There are 2 protein chains.
Amino acid sequence: MILFFTTFKLSYICVMGILRKTKSVKILLDEFEKQSTAISAITLIERFHLNMNKTTIYRILDKLEDDGFLHSFLGKNGHKWYAQCSGCSSAEHHDIHPHFQCSDCGKVECLSTDVLIPTIPNCKVDVSQILIQGTCEECFS
Amino acid sequence: MILFFTTFKLSYICVMGILRKTKSVKILLDEFEKQSTAISAITLIERFHLNMNKTTIYRILDKLEDDGFLHSFLGKNGHKWYAQCSGCSSAEHHDIHPHFQCSDCGKVECLSTDVLIPTIPNCKVDVSQILIQGTCEECFS
DNA sequence: ATATTTAATGCAACTTTGTTGCATTAGTTA
DNA sequence: TAACTAATGCAACAAAGTTGCATTAAATAT
Ligand SMILES: [Mn+2]
Ligand SMILES: [Mn+2]
Ligand SMILES: [Zn+2]
Ligand SMILES: [Zn+2]
């Protein structure tokens, strides 16, 4: 729940996500607004290590995910990536979708395309993470 | 290339995979023959830490993959898993398929089902890793 | 405006997975 | 049985991510 400059009394609301609009939060929010593609935690740490500690970055990303502002997934090396949600809330993330990672430049994009997941005999399927790898538009041409 | 007890002169053959049938290699081969489901590197380290060093385990797994005997993929936490190949060789791995991981017991199975990967505008798709999560047969009933 | 409250931060130490270099061991071949 | 060298063990390392705790700074109350 992102609530900036409201008149709510903090002690009364559910505490899981971002409550205070700190410099660090502003920097990360701006970065995701500016860049539409996904960003890895590692990249953010490299990019903002002068502005804030890596612990802070991990903690803010975690909260922004709780808030339904970001969603996370694992890239090809099993490292954590984040991208903006569209229409999610702290109540539920309903924007599960495949991701495309360029093997050349490493860039990751969220795909709006739906992939049909097969049913598995006697198993209950919950979610599926799909990472498609190849060469992106820029690296291809 | 797994060549045990042959008469080839070692120095003449391509050196990438397993060449000598050591105790450690035998133990790991046996384990994958015995257990049909995938096994994580971490599990093997736990299971055989009295028999061999973790470095040895990682190196043997790596070679067995080169040999086309095992294939690897990342589980839900980004940790490395291995399972037997069917019909692969050191020349090429042609058994790329989705995997199912039980959120309850953690077990992973290879799925023979094919998943249709969407084409992505202006991108060249190479491979896709698909990890389906849910509840397995045993944990479900 | 100032004091109070406490969420957020920085830092150091830690955990976990996996890798590397090098001396030693043990399969394989001569 | 001796020689060759792939494979191993060990210790140290690397990288991603986590935890505890003292300190700082947003937000609120006065
Ligand atoms: Mn996405
Ligand atoms: Mn498999
Ligand atoms: Zn690219
Ligand atoms: Zn299960």
Side-chain angles (χ1 to χ4, degrees), chain A residues 1-29 39-67 72-82 106, chain B residues 1-29 39-67 72-82 106:
Chain A
M1 193 181 297
I2 307 184
L3 295 170
F4 295 136
F5 306 129
T6 63
T7 55
F8 285 104
K9 208 172 159 188
L10 290 186
S11 46
Y12 288 156
I13 61 168
C14 151
V15 176
M16 278 197 64
I18 297 281
L19 291 177
R20 295 183 179 180
K21 190 162 189 172
T22 62
K23 280 179 199 163
S24 305
V25 169
K26 257 180 266 183
I27 290 171
L28 291 180
L29 282 177
I39 316 177
S40 69
I42 297 168
T43 303
L44 289 170
I45 291 167
E46 278 174 20
R47 201 171 285 175
F48 297 115
H49 72 279
L50 295 176
N51 302 87
M52 67 193 97
N53 193 272
K54 66 172 179 173
T55 312
T56 303
I57 294 178
Y58 281 116
R59 288 197 271 227
I60 291 174
L61 291 173
D62 205 48
K63 288 179 184 173
L64 288 176
E65 190 171 14
D66 283 341
D67 284 334
S72 72
F73 56 93
L74 301 182
K76 69 172 140 89
N77 301 313
H79 298 159
K80 218 153 187 201
W81 286 72
Y82 288 87
Chain B
M1 191 179 297
I2 307 184
L3 295 171
F4 296 135
F5 307 130
T6 64
T7 56
F8 285 105
K9 208 170 158 186
L10 290 185
S11 45
Y12 289 156
I13 61 168
C14 153
V15 176
M16 277 195 65
I18 298 279
L19 291 176
R20 296 184 179 179
K21 189 161 191 172
T22 62
K23 280 180 202 161
S24 304
V25 168
K26 257 180 268 184
I27 290 172
L28 291 180
L29 282 177
I39 316 177
S40 69
I42 297 167
T43 303
L44 289 169
I45 292 167
E46 277 174 20
R47 202 171 285 174
F48 297 116
H49 69 102
L50 294 177
N51 301 88
M52 65 193 99
N53 193 272
K54 66 172 177 171
T55 311
T56 303
I57 294 178
Y58 280 116
R59 289 197 271 228
I60 290 175
L61 291 172
D62 205 46
K63 288 178 184 174
L64 289 176
E65 189 170 14
D66 283 341
D67 285 332
S72 72
F73 56 92
L74 302 181
K76 69 172 141 93
N77 301 314
H79 298 157
K80 218 153 188 201
W81 285 72
Y82 289 86

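Note that the structure is predicted; figures quoted are calculated from it, not measured. All values below come from the heavy atoms of this structure, side chains included, with hydrogens, waters and symmetry mates left out.
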What contact category does A:Asn51 fall into here, base, sugar-phosphate, or nothing, at under 4.0 angstrom with non-hydrogen atoms?
sugar-phosphate
Quick one: label A:Ile42 by what it contacts on the DNA or RNA (base, sugar-phosphate, nothing), any heavy atom closer than 4.0 Å.
sugar-phosphate
For D:dG9, take OP1 and OP2 only and decide whether either is under 4.0 Å from a side-chain N or O of B:Thr56.
yes
Would you kindly give the CD1-to-P distance between A:Ile39 and D:dA16, to the nearest whole Å?
16 Å
May I ask you to test the B:Glu65-B:Leu61 pair for a side-chain heavy-atom distance under 4.5 Å?
no
For B:Lys54, answer base if it contacts any base atom (sugar-phosphate contacts may also be present), sugar-phosphate if it contacts only those atoms, and nothing otherwise; contact means non-hydrogen atoms under 4.0 Å.
base
Taking the side chain as C-beta and beyond, is there a heavy-atom pair between A:Leu74 and A:Lys80 under 4.5 Å?
yes
Measure from CG on A:Leu64 to C1' on C:dA8 and round the result to the nearest Å.
13 Å
Interatomic distance where CG belongs to B:Asn77 and C1' belongs to C:dT15 [whole Å]:
14 Å
Between the base of D:dT8 and the side chain of B:Arg59, is there any donor-acceptor pair under 3.5 Å?
no
Do any side-chain nitrogens or oxygens of B:Tyr58 fall under 4.0 Å of OP1 or OP2 in C:dT19?
no
What contact category does B:Ile60 fall into here, base, sugar-phosphate, or nothing, at under 4.0 angstrom with non-hydrogen atoms?
sugar-phosphate
Figure out the CD1/C1' separation between B:Ile18 and C:dT28, and round it to whole Å.
15 Å
Tell me whether the side-chain N/O atoms of A:Thr55 come closer than 4.0 Å to OP1 or OP2 in D:dT19.
no
Here the distance between atom P of C:dA8 and atom CG of A:Leu19, to the nearest Å, is 5 Å
Any side-chain N or O of A:Thr22 under 4.0 Å from OP1/OP2 of C:dA8?
no
Indicate yes or no: at least one non-hydrogen side-chain atom of A:Phe48 is less than 4.5 angstrom from one of A:Thr56.
no
Distance-only donor-acceptor test (3.5 Å): side chain B:Arg20, base D:dA6
yes
Would you mind telling me which residue lines up with the more 5' stretch of DNA chain D, A:Leu74 or B:Ile57, judged by nearest nucleotide?
B:Ile57
Using the closest heavy atom to pick a nucleotide of DNA chain C for each, name whichever of B:His79 or A:Lys23 lands nearer the 5' end.
A:Lys23
When the distance from CG of A:Leu44 to C1' of D:dA16 is rounded to whole Å, what number comes out?
14 Å
Check: A:Arg20 and A:Val25 side chains under 4.5 Å, non-hydrogen atoms
no
Please report the distance, rounded to the nearest Å, between NE2 in A:His49 and P in C:dT9.
18 Å
So, for A:Tyr82 and A:Ser72, which heavy atoms are closest and what is the spacing to 0.1 Å?
CE2-CB, 3.5 Å
Between C:dG18 atom C1' and B:Asn53 atom CG, what is the distance in whole Å?
12 Å
